[in-house]
Amino acid sequence: MKRVTLTIIGAALLIIGAAMLVLPGPGLLLVLAGLLVLASEFPALGKYIDPVRDRAMKAAEDSVATPFRIVWSVLAGLALIAAGIVWGLVDSLPLSGWSTGSGLILSGIVLLVLLAWSYRRVKAKRKTQT
(Lines give C-alpha, C1' and ligand atoms only; values in the text may rest on other atoms or scores of the structure.)
Protein backbone atom coordinates (compact mmCIF):
# COMPACT_ATOMS: atom_id res chain seq x y z
CA MET A 1 0.00 0.00 0.00
CA LYS A 2 2.86 2.37 0.86
CA ARG A 3 4.53 1.73 -2.49
CA VAL A 4 1.32 2.42 -4.43
CA THR A 5 0.69 5.64 -2.49
CA LEU A 6 4.24 6.92 -3.02
CA THR A 7 4.08 5.99 -6.70
CA ILE A 8 0.85 7.94 -7.16
CA ILE A 9 2.18 10.98 -5.27
CA GLY A 10 5.51 10.90 -7.12
CA ALA A 11 3.85 10.49 -10.51
CA ALA A 12 1.42 13.33 -9.76
CA LEU A 13 4.28 15.65 -8.76
CA LEU A 14 6.22 14.65 -11.86
CA ILE A 15 3.26 15.23 -14.20
CA ILE A 16 2.32 18.56 -12.60
CA GLY A 17 5.95 19.64 -12.68
CA ALA A 18 6.24 18.71 -16.35
CA ALA A 19 3.11 20.72 -17.10
CA MET A 20 4.53 23.67 -15.17
CA LEU A 21 7.59 23.66 -17.39
CA VAL A 22 5.38 25.34 -20.00
CA LEU A 23 2.73 26.80 -17.66
CA PRO A 24 3.39 29.37 -14.93
CA GLY A 25 4.93 27.79 -11.89
CA PRO A 26 8.03 26.10 -10.49
CA GLY A 27 8.17 23.15 -12.87
CA LEU A 28 11.72 21.94 -12.26
CA LEU A 29 11.30 21.94 -8.49
CA LEU A 30 8.14 19.84 -8.74
CA VAL A 31 9.81 17.48 -11.22
CA LEU A 32 12.64 17.12 -8.70
CA ALA A 33 10.18 16.46 -5.87
CA GLY A 34 8.42 13.82 -7.97
CA LEU A 35 11.71 12.13 -8.83
CA LEU A 36 12.77 12.10 -5.17
CA VAL A 37 9.52 10.45 -4.13
CA LEU A 38 9.64 7.92 -6.98
CA ALA A 39 13.34 7.15 -6.42
CA SER A 40 12.55 6.10 -2.86
CA GLU A 41 10.58 3.19 -4.34
CA PHE A 42 12.35 2.80 -7.69
CA PRO A 43 16.13 3.19 -7.14
CA ALA A 44 16.87 3.12 -10.89
CA LEU A 45 15.43 6.65 -11.10
CA GLY A 46 18.13 7.92 -8.75
CA LYS A 47 20.50 8.62 -11.64
CA TYR A 48 18.18 11.41 -12.84
CA ILE A 49 18.05 13.24 -9.51
CA ASP A 50 21.42 15.04 -9.54
CA PRO A 51 21.08 16.60 -13.03
CA VAL A 52 17.52 17.75 -12.31
CA ARG A 53 18.54 19.03 -8.85
CA ASP A 54 21.39 21.05 -10.35
CA ARG A 55 19.13 22.64 -12.97
CA ALA A 56 16.31 23.26 -10.46
CA MET A 57 18.63 24.95 -7.96
CA LYS A 58 20.17 27.07 -10.72
CA ALA A 59 16.70 28.12 -11.88
CA ALA A 60 15.71 28.91 -8.28
CA GLU A 61 18.82 31.06 -7.84
CA ASP A 62 18.25 32.80 -11.17
CA SER A 63 14.68 33.66 -10.18
CA VAL A 64 15.95 35.85 -7.32
CA ALA A 65 19.20 37.07 -8.92
CA THR A 66 18.04 40.68 -9.27
CA PRO A 67 15.41 42.85 -7.59
CA PHE A 68 13.70 43.21 -10.98
CA ARG A 69 13.20 39.44 -11.25
CA ILE A 70 11.94 39.23 -7.68
CA VAL A 71 9.37 41.98 -8.29
CA TRP A 72 8.15 40.38 -11.53
CA SER A 73 7.95 36.96 -9.91
CA VAL A 74 5.93 38.33 -6.98
CA LEU A 75 3.63 40.16 -9.40
CA ALA A 76 3.20 36.95 -11.42
CA GLY A 77 2.25 35.02 -8.26
CA LEU A 78 -0.23 37.69 -7.20
CA ALA A 79 -1.64 37.81 -10.73
CA LEU A 80 -2.21 34.04 -10.67
CA ILE A 81 -4.04 34.33 -7.36
CA ALA A 82 -6.15 37.24 -8.64
CA ALA A 83 -6.93 35.37 -11.87
CA GLY A 84 -7.97 32.35 -9.82
CA ILE A 85 -10.39 34.44 -7.79
CA VAL A 86 -11.82 36.00 -10.96
CA TRP A 87 -12.16 32.58 -12.65
CA GLY A 88 -13.92 31.27 -9.58
CA LEU A 89 -16.40 34.13 -9.38
CA VAL A 90 -17.15 35.09 -13.00
CA ASP A 91 -19.34 32.53 -14.76
CA SER A 92 -18.98 33.97 -18.27
CA LEU A 93 -15.28 33.12 -18.59
CA PRO A 94 -14.19 29.99 -20.47
CA LEU A 95 -13.69 27.06 -18.09
CA SER A 96 -14.99 29.24 -15.27
CA GLY A 97 -15.55 27.83 -11.83
CA TRP A 98 -13.63 27.05 -8.71
CA SER A 99 -11.90 24.00 -10.17
CA THR A 100 -9.98 26.26 -12.57
CA GLY A 101 -9.80 29.09 -10.07
CA SER A 102 -8.41 26.96 -7.27
CA GLY A 103 -5.73 25.60 -9.61
CA LEU A 104 -4.63 29.12 -10.47
CA ILE A 105 -4.69 30.17 -6.82
CA LEU A 106 -2.66 27.14 -5.81
CA SER A 107 -0.13 27.85 -8.57
CA GLY A 108 0.24 31.42 -7.35
CA ILE A 109 0.72 30.34 -3.74
CA VAL A 110 3.28 27.68 -4.71
CA LEU A 111 5.12 30.25 -6.82
CA LEU A 112 5.28 32.74 -3.93
CA VAL A 113 6.34 30.10 -1.39
CA LEU A 114 9.10 28.79 -3.66
CA LEU A 115 10.20 32.33 -4.45
CA ALA A 116 10.56 33.04 -0.72
CA TRP A 117 12.44 29.76 -0.27
CA SER A 118 14.77 30.62 -3.17
CA TYR A 119 15.41 34.09 -1.77
CA ARG A 120 16.26 32.74 1.68
CA ARG A 121 18.49 30.04 0.17
CA VAL A 122 20.43 32.52 -1.99
CA LYS A 123 20.71 35.00 0.88
CA ALA A 124 22.10 32.27 3.19
CA LYS A 125 24.50 31.13 0.45
CA ARG A 126 25.82 34.68 -0.03
CA LYS A 127 26.21 35.10 3.71
CA THR A 128 28.39 31.97 3.98
CA GLN A 129 30.53 33.10 1.04
CA THR A 130 31.43 36.41 2.69
Side-chain angles (χ1 to χ4, degrees):
M1 188 65 172
K2 176 187 168 197
R3 185 178 183 136
V4 172
T5 303
L6 287 175
T7 301
I8 291 170
I9 291 170
L13 287 170
L14 195 61
I15 291 168
I16 293 167
M20 284 187 168
L21 291 174
V22 294
L23 299 171
L28 279 175
L29 289 173
L30 287 176
V31 168
L32 176 61
L35 279 175
L36 288 169
V37 171
L38 288 171
S40 69
E41 294 301 316
F42 303 100
L45 294 175
K47 66 182 177 182
Y48 299 107
I49 291 175
D50 285 336
V52 173
R53 179 183 289 133
D54 293 342
R55 290 192 61 178
M57 294 305 128
K58 175 75 171 116
E61 290 174 9
D62 289 347
S63 70
V64 294
T66 65
F68 181 75
R69 286 185 178 182
I70 294 170
V71 168
W72 278 110
S73 295
V74 168
L75 290 174
L78 294 174
L80 282 168
I81 293 169
I85 292 169
V86 169
W87 248 266
L89 295 174
V90 178
D91 292 333
S92 61
L93 293 171
L95 302 172
S96 66
W98 285 109
S99 58
T100 303
S102 62
L104 289 169
I105 292 169
L106 182 61
S107 293
I109 291 170
V110 168
L111 175 65
L112 293 174
V113 167
L114 289 174
L115 183 67
W117 175 82
S118 298
Y119 179 77
R120 290 183 65 194
R121 183 177 186 277
V122 168
K123 189 176 175 182
K125 186 177 180 181
R126 287 181 184 158
K127 189 180 263 188
T128 60
Q129 290 176 347
T130 58

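Using a 4.5 Å cut-off between side-chain heavy atoms of Ile, Leu, Val, Met, Phe, Trp and Tyr, with links allowed through other members, Val113 and Ile105 fall into the same hydrophobic cluster. Under the 4.5 Å side-chain contact rule for hydrophobic residues, Leu80 and Val90 share a cluster. No path of Ile, Leu, Val, Met, Phe, Trp and Tyr side chains, each step under 4.5 Å between heavy atoms, connects Leu6 with Ile15, placing them in separate hydrophobic clusters.
Between Ile81 and Leu112, the closest side-chain pair of non-hydrogen atoms falls below 4.5 Å.
No more than 12 heavy atoms of other residues, nucleotides or ligands shown are found within 6.0 angstrom of CG on Leu95.
Rounded to the nearest 0.5 Å, atoms CD1 (Ile8) and CG (Leu13) are 12.0 Å apart. Note that the CG atom of Leu78 and the CD1 atom of Ile109 stand 10.5 Å from one another [nearest 0.5 Å]. Taking NZ from Lys2 and OG1 from Thr7, the interatomic distance works out to 10.5 Å, rounded to the nearest 0.5 Å.
Of the possible polar contacts, one joining the Ser107 side chain to the Gly103 backbone as a donor-acceptor pair under 3.5 Å is found. A distance-only check finds no donor-acceptor pair linking the side chain of Trp87 to the backbone of Ser102 [under 3.5 Å].
Within the structure, side-chain hydrogen bond (donor to acceptor under 3.5 Å, both in side chains) pairs that include any residue of residues 111-122 comprise Glu61-Arg121 (at least two apart or interchain). Counting only residues at least two apart or on different chains, the side-chain hydrogen bond (donor to acceptor under 3.5 Å, both in side chains) pairs with a member in residues 50-60 are Asp50-Arg53, Lys58-Asp62.
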Pairs under 3.5 angstrom only: tabulate donor-acceptor contacts from the side chains of residues 35-47 to other protein residues two or more places apart or in another chain.
unit_1: Ser40; atom_1: OG; unit_2: Val37; atom_2: O; d: 2.6

